[in-house]
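Take a look at the structure below.
All chains are named by letter (A, B, ...) in the order of the sequence lines, taking the proteins before the strands, and each is independently numbered beginning at 1. Values below: all heavy atoms of this structure, side chains included; hydrogens, waters and symmetry mates excluded. A quick note: this is a predicted structure, and the numbers were derived from the prediction, not measured.
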2 protein chains.
Amino acid sequence: MNASPTPTRSTRSTRSAPSASSAQAQPAVEQVDTTFLESLLGYNARRASLAVISVFLERMAPYGLRPVDFSVLSLVAHNPGITSRQLCGSLALLPPNVVGLLNTLEKRDLIARQPHPRDRRAMGLHLTTAGQKLMRDAERTAAQLEAEVAAKLTPAELRTLLKLLKKVYA
Amino acid sequence: MNASPTPTRSTRSTRSAPSASSAQAQPAVEQVDTTFLESLLGYNARRASLAVISVFLERMAPYGLRPVDFSVLSLVAHNPGITSRQLCGSLALLPPNVVGLLNTLEKRDLIARQPHPRDRRAMGLHLTTAGQKLMRDAERTAAQLEAEVAAKLTPAELRTLLKLLKKVYA
DNA sequence: TATTGTTATACTCTATAACTATA
DNA sequence: TATAGTTATAGAGTATAACAATA
């Protein structure tokens, strides 16, 4: 979480070849050249997501919600009766890892497991009244945070960015 | 790594409030509505980076390189003599976690630690001849992979995407 | 006194195998 | 036979504290 991009130094890269054995006086690096990595989509996407997530972590701490918790609660809020399996499919989570997560949210009285109407193996997930109240605030905070992070962009740029990101993972 | 976005269902969200106690017949969810999450920059950035990274993992497996290894070797390639501390600063890694990583790369004869010219505490990192050969191939593969992932975008869109991502984390 | 590299260690995240009850 | 939820557990990733050598 202490990322600090420091480009500059467009001097030549990949210089003479110091084989492990030839240990003559080697030059020191002043400014780290990250131009190659910065040309890669994966590197930039990861850096951007880390930047956003670090702000997310700060702002959601008062609610006691990690990004996963927020995502899960948000899906339950907008999809009352959603099953654990559906959560896994939508959020790329694995079933065993969701169990403890849901148990914690249930103990906090934010969600309730109710019998599924057509499948007695499954459980339908619902927000409790407390969960609904929390998520109203949390989603407002998320939208607000979004606005702040996106303040570095114009509204048009933000729309473009979201559209292009979706094209990448679609 | 089994992400599968499934939007659609723009019907109303957040319906009636089933408190934990009132357990009347609850509706089942057919199509999961992810529209709210999809409106968030962090969610989309993370999804996009996961998508790119999963392809990266496949293509770099033949070289025995994880994304971190590739990033480290790439920085060493373009910054001969870079120190462990500088790697940490540029890649948001923590010093204790870099030690084992570098040890492994050194055992594989891909890098060599050489005495730093001006600081006897530090070690300058350099690619060995084998490391240089590997990275020539690996960076070529990375650029190729980049082109494939970005095939979902026009060249202009890719340029725009990179520019906007940089603005987000800058 | 501060910093580089390092060890030891703990905590979180992610992944696999296997069980149960229903389908 | 296959699937939903669960348990137990292993492995990777990420974090903090503390020490020796050097600045």
Could you give the [atom1]-to-[atom2] distance, from [X] to [N], as a whole number of Å?
X: Leu91(B); N: dG13(D); atom1: CG; atom2: C1'; answer: 15 Å
X: Gln114(B); N: dG5(C); atom1: CD; atom2: P; answer: 14 Å
X: Asn103(A); N: dG5(D); atom1: CG; atom2: P; answer: 13 Å
X: Met123(B); N: dT22(D); atom1: CE; atom2: C1'; answer: 14 Å
X: Arg85(B); N: dT22(D); atom1: CZ; atom2: P; answer: 18 Å
X: Leu94(A); N: dA18(C); atom1: CG; atom2: P; answer: 16 Å
X: Leu102(B); N: dG5(C); atom1: CG; atom2: C1'; answer: 10 Å
X: Glu106(A); N: dG5(D); atom1: CD; atom2: P; answer: 13 Å

Notebook entry, point to check: Arg120(A) side chain N/O closer than 4.0 Å to the phosphate oxygens (OP1, OP2) of dT22(C)?
Noted result: no
Note to self: Is Arg66(A) close enough to dC13(C) that one of its side-chain N or O atoms is under 4.0 Å from OP1 or OP2 there?
What the structure shows: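 True: Arg66(A) side-chain N/O within range (under 4.0 Å) of dC13(C) OP1/OP2.
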Options [options], nucleotide nearest the side-chain atoms of [X]:
X: Ser84(A); options: dT14(C), dT4(C), dG5(D); answer: dG5(D)
X: Thr83(A); options: dG5(D), dA15(D), dA23(C); answer: dG5(D)
X: Asp119(A); options: dA4(D), dT7(C), dT22(D); answer: dA4(D)
X: Arg113(A); options: dG13(D), dC13(C), dT6(D); answer: dT6(D)
X: Pro96(B); options: dA23(D), dT7(D), dT6(C); answer: dT6(C)

Notebook entry, point to check: Is there a donor-acceptor contact under 3.5 Å from the side chain of Thr83(A) to the main chain of Gln86(A)?
Noted result: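 Answer holds: yes.
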Next item on the list: Output yes when a side-chain donor or acceptor of Thr34(A) lies under 3.5 Å from a complementary backbone atom of Leu37(A), and no otherwise.
Entry: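 It does not hold such a pair.
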Check: Is it the case that one hydrophobic cluster holds both Met123(B) and Ile111(B), taking links as side-chain heavy atoms less than 4.5 Å apart, direct or via other members?
Finding: no
Margin query: Here's a test of your reading of the structure: between Arg118(A) and Asn97(B), which maps to the more 5' nucleotide of DNA chain C?
Written below: Asn97(B)
Notebook entry, point to check: Parallel, tilted or perpendicular: which fits the ring planes of Phe36(B) and Phe70(A), with parallel below 30° and perpendicular above 60°?
Noted result: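 Ring orientation, 0 to 90° scale: tilted.
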Check: Hey, which of these two, Val99(A) or Arg121(A), hits DNA chain D nearer its 5' end, going by closest nucleotide?
Finding: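 It is Arg121(A), whose closest nucleotide lies nearer the 5' terminus.
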Check: Is there a side-chain contact between Leu110(B) and Asp69(B) (heavy atoms, below 4.5 Å)?
Finding: no
